[in-house]
Amino acid sequence: MSEMDLVFVDMPQGWTPLHRLLLPLVSEVVMAVRTLPDSLGRVEEHAEKLVMAKVEPDKVSVVVNQARKRSELKIVQPLLTPYQPRVLVPYDRKLEKLGGLHGKKLSLACKDWWDSSLGFQKSVKKGRWKR
């Protein structure tokens with residue numbers, strides 16, 4: 001942290017020893033949740049684990065992902081106590097058609113933007129990328 005302005009760590013889903021190891025070191029936790037019936041139990045479980053780890057509410061930003069209605073905030077809010085949802089990402093049918101957030105088609109659609117944002121240039125040989 002002494003060398004960087006921001007360190008972002010994208011953690012795997014779930015609650016692993018790595019999560020417990022990093023929690024005391026973080027300045028903010030961003031928790032993305034969905035309001036699907038099979039994921040609501042996990043939302044509550046993760047919020048409880050953050051409480052047990054004594055992560056202060058002002059350090060946690062909850063993102064409700066792929067929300068079909070604004071009322072979905074009311075569904076997850078009681079499960080997240082004492083944390084509050086801060087961002088609602090609306091469901092977008094176009095993204096689903098492109099293969100979802102991890103879909104190959106979506107990655108290809110965003111390719112030019114990623115390349116210019118990250119400063120990649122196409123190499124002359126064999127179409128490989130270099131920085």
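Count residues from 1 along the sequence.
Side chain of His46 to main chain of Val43: no donor-acceptor pair is present (N/O by atom type, distance under 3.5 Å, no hydrogens or angles). Checking side-chain atoms of Ser61 against main-chain N and O of Val30 turns up no donor-acceptor pair under 3.5 Å.
Here the side chains of Met31 and Leu80 are in contact, with some heavy-atom distance below 4.5 Å. Two residues are said to be in side-chain contact when any heavy atoms from C-beta on lie closer than 4.5 Å; Val62 and Arg86 fail this criterion. You'll find the side chain of Met52 stays beyond 4.5 Å of the side chain of Leu50, heavy atoms only. By the 4.5 Å heavy-atom criterion applied to side chains, Pro85 and Gln77 are counted as neighbours. Using a 4.5 Å cut-off on side-chain heavy atoms (C-beta onward), Gln84 and Pro57 make no contact. Side-chain contact check for Leu23 versus Val29: some heavy-atom pair is nearer than 4.5 Å.
Scanning all heavy atoms of the two residues, the minimum distance from Val26 to Lys59 falls at O-NZ, 3.3 Å. The minimum heavy-atom distance linking Leu79 with Ala47 is given by the pair O-CB, 3.6 Å. Taking both residues in full, the closest heavy atoms of Leu88 and Ala67 are given as CD1-CB, 3.1 Å, listed atom of the first, atom of the second, then distance. Shown here for Thr35 and Leu40, the closest heavy-atom pair between the two residues is CA-CD2, 3.9 Å. Closest approach of Tyr83 and Val51 over heavy atoms only: OH-N, 3.4 Å.
In Lys69, the NZ atom is not crowded: 12 or fewer heavy atoms of neighbouring residues, nucleotides or ligands sit closer than 6.0 Å. For NZ of Lys74, the number of neighbouring non-hydrogen atoms (other residues, nucleotides, ligands) closer than 6.0 Å is 12 at most.
Taking CZ of Arg20 as the start and NZ of Lys49 as the end, the distance is 7.5 Å to the nearest 0.5 Å.
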Check: Could you go step by step and tell me if Arg68 and Glu72 meet the salt bridge (charged side-chain N to carboxylate O under 4.0 Å, His left out) rule?
Finding: CA-CA 8 Å; Arg68 293 181 186 264; Glu72 291 187 22; 5.7 Å; no

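Hydrophobic clustering of Ile, Leu, Val, Met, Phe, Trp and Tyr side chains at less than 4.5 Å, counting indirect connections, keeps Leu36 apart from Ile75.
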